[in-house]
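All values below were derived from every heavy atom in this structure, side-chain atoms included, with hydrogens, water molecules and symmetry-related copies excluded. Numbering starts at 1 and runs along the sequence shown. One-based numbering, in listed order, for ligands and for the atoms of each.
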Amino acid sequence: MIERYPEAPTFLAAEAALAAPYRRAGCGRPGTAAHLTRAVTPAGHPGRLRLGGMAVQMAPSILASDFARLADEAAAVSGVADWLHVDVMDNHFVPNLTLGLPVVEALLKHAGLPLDCHLMIEDPDRWAPAYAEAGAGNVTIHAEAARSPVRTLRMIRSAGARAGLGINPATPVEPLADLLPEIDMLLLMTVEPGFGGQPFLDMVLPKLRRARELVSKRGAAVWLQVDGGVSEDTIERCADAGADVFVAGSAVYGADDPAAAVQALRGQAQRATAHASWPD
Ligand code: DX5
Ligand code: ZN
């Protein structure tokens with residue numbers, strides 16, 4: 001009998017799931033659990049605008065919310081957002097410590113919308129599958145931290161979640177081109193990861209344009225997410241450069257009315273997307 005690691009009870013289960021037939025996340029992936037349905041069809045709220053297959057998606061980051069009232073803070077945006085972005089930081093990959101799997105498991109019961117777990121941790125190969133097994137709709141690992149990204153991304157998908165790959169501002173996108181078939185979302189950090197409320201880094205925008213071209217050229221069904229400093233001042237530049245999933249922490253939870261802030265940001269992104277020049 002194989003003994004499980006007590007501190008990672010779901011690791012071996014995710015590993016075993018790799019043997020199951022490969023199922024493409026977000027493209028008709030069969031699923032029975034509610035979180036799978038939500039992951040495949042995020043939000044689908046009436047305000048969504050489809051533009052040649054592209055749709056703007058909003059992912060408020062609870063990093064900027066009141067951690068003592070997480071369920072209420074999630075509920076404040078659940079009717080208007082597509083995802084709840086959850087920043088997991090381990091004080092090693094980034095110089096900050098936030099929350100981990102137990103809090104994510106608790107949030108899953110109360111969030112009211114799919115969780116987009118952004119793992120800013122060392123050794124995501126070891127820990128990421130458990131977030132997918134717990135029911136996260138998307139699990140993003142960082143390219144700088146993963147030692148076996150292909151295996152880990154496949155394990156995330158096999159466990160029923162969308163697989164995201166994140167890159168820091170200084171990490172180039174071109175060497176990752178061959179990984180596109182393995183991922184459902186590419187996260188381009190527009191600040192150095194670790195803290196909310198930092199100024200947006202415009203230097204990432206050319207890379208975002210190149211990422212959009214790469215995705216189009218390869219015909220990949222990969223969402224492009226921007227995270228960090230996304231606000232009413234910067235979201236249009238992101239949409240124009242090719243982003244379609246927008247994380248916003250301070251701009252949402254720093255506002256008097258978080259739901260209204262999400263709607264306003266979405267409107268800006270949709271209008272900018274409609275005029276964007278990138279290929280679809
Ligand atoms: C930063 C996190 C972000 C953060 C963004 O490392 O990954 O998700 O919450 O916060 P704002 O939107 O305030 O820059
Ligand atoms: Zn994040």
Side-chain angles (χ1 to χ4, degrees), residues 57-67 70 73-74 76-77 81-100 103-104 107 111 113-122 124 127-128 131 136-146 161-171 183-205 208 223-239 243-256 258-259 261-262 264-266 268-269:
Q57 296 183 63
M58 299 301 303
S61 168
I62 54 161
L63 184 63
S65 75
D66 180 351
F67 271 26
L70 282 180
E73 296 284 59
V77 297
D82 300 281
W83 299 86
L84 191 67
H85 184 83
V86 181
D87 290 303
V88 177
M89 305 185 188
D90 67 351
N91 200 31
H92 290 278
F93 180 67
V94 290
N96 198 3
L97 185 67
T98 56
L99 50 83
V103 176
V104 166
L107 262 175
L113 73 178
L115 299 191
D116 168 27
C117 292
H118 177 194
L119 305 188
M120 286 161 279
I121 59 174
E122 281 186 359
W127 300 109
Y131 288 82
N138 179 84
V139 179
T140 293
I141 60 170
H142 264 264
E144 300 86 356
R162 296 178 64 90
L165 186 68
I167 55 174
N168 290 345
T171 302
I183 66 176
D184 300 298
M185 184 168 77
L186 183 66
L187 159 57
L188 278 75
M189 289 303 303
T190 40
V191 297
E192 293 289 2
F195 300 93
Q198 301 181 74
F200 181 82
L201 293 174
D202 273 281
M203 53 87 69
V204 179
L205 290 176
L208 179 54
W223 297 345
L224 294 183
Q225 184 179 62
V226 281
D227 181 8
V230 175
S231 70
E232 61 181 5
D233 297 327
T234 59
I235 195 166
E236 289 168 14
R237 299 208 284 280
C238 296
D244 54 359
V245 188
F246 303 85
V247 177
S250 320
V252 170
Y253 285 107
D256 290 339
V262 171
L265 288 167
R266 184 194 297 277
Q268 282 186 277

Handout entry: Neighbouring protein N, O or S atoms of the Zn ion (ligand 2) [cut-off: under 2.8 Å, no waters]
Key = His85 NE2, Asp87 OD1, His118 ND1, Asp227 OD2
Practice task
Determine, stepwise, if the pair Asn96 / Asn91 fulfils side-chain contact (heavy atoms from CB on, under 4.5 Å).
Solution key: CA-CA 5 Å; Asn96 198 3; Asn91 200 31; 5.6 Å; no
Problem - Cation-pi geometry met for Arg162 and Trp83 (6.0 Å, 45°) - result: no
Problem - Side-chain (Asp90) to main-chain (His92) donor-acceptor, under 3.5 angstrom - result: yes
Handout entry: By side chain to side chain contact (heavy atoms under 4.5 Å, CB included) - contacts of Ala145 (at least two apart)
Key = Phe93, Pro124, His142
Exercise for the section: Check Cys117 against Ala136 and note the closest heavy-atom contact, atom names and distance. Expected result: SG-CB, 3.8 Å
Problem - Reference residue Gln225; test side chain to side chain donor-acceptor pair (under 3.5 Å); the match among Asp116, Asn138, Asp244 - result: Asp116
Practice task
Give a yes or no answer on whether the side chain of Ser231 reaches the backbone of Asp233 with a donor-acceptor pair at less than 3.5 Å.
Solution key: yes
Side-chain donor/acceptor pairs under 3.5 Å, residues 186-196, sequence neighbours excluded:
residue : atom : partner : partner atom : Å
Thr190  : OG1  : Asp227  : O            : 3.0
Thr190  : OG1  : Gly228  : N            : 3.4
Thr190  : OG1  : Gly228  : O            : 2.7

Exercise for the section: Give a yes or no on whether the backbone of Leu165 and the side-chain of Thr140 come within a donor-acceptor separation of less than 3.5 Å. Expected result: no
Fill in the blank from the handout: Contacts for ligand 1, heavy atom under 4.0 Å, by chain and number, are Ser61, Leu63, His85, Asp87, Met89, His118, Met120, Met189, Pro193, Gly194, Phe195, Gly196, Gly197, Asp227, Gly228, Gly229, Val247, Ala248, Gly249, Ser250
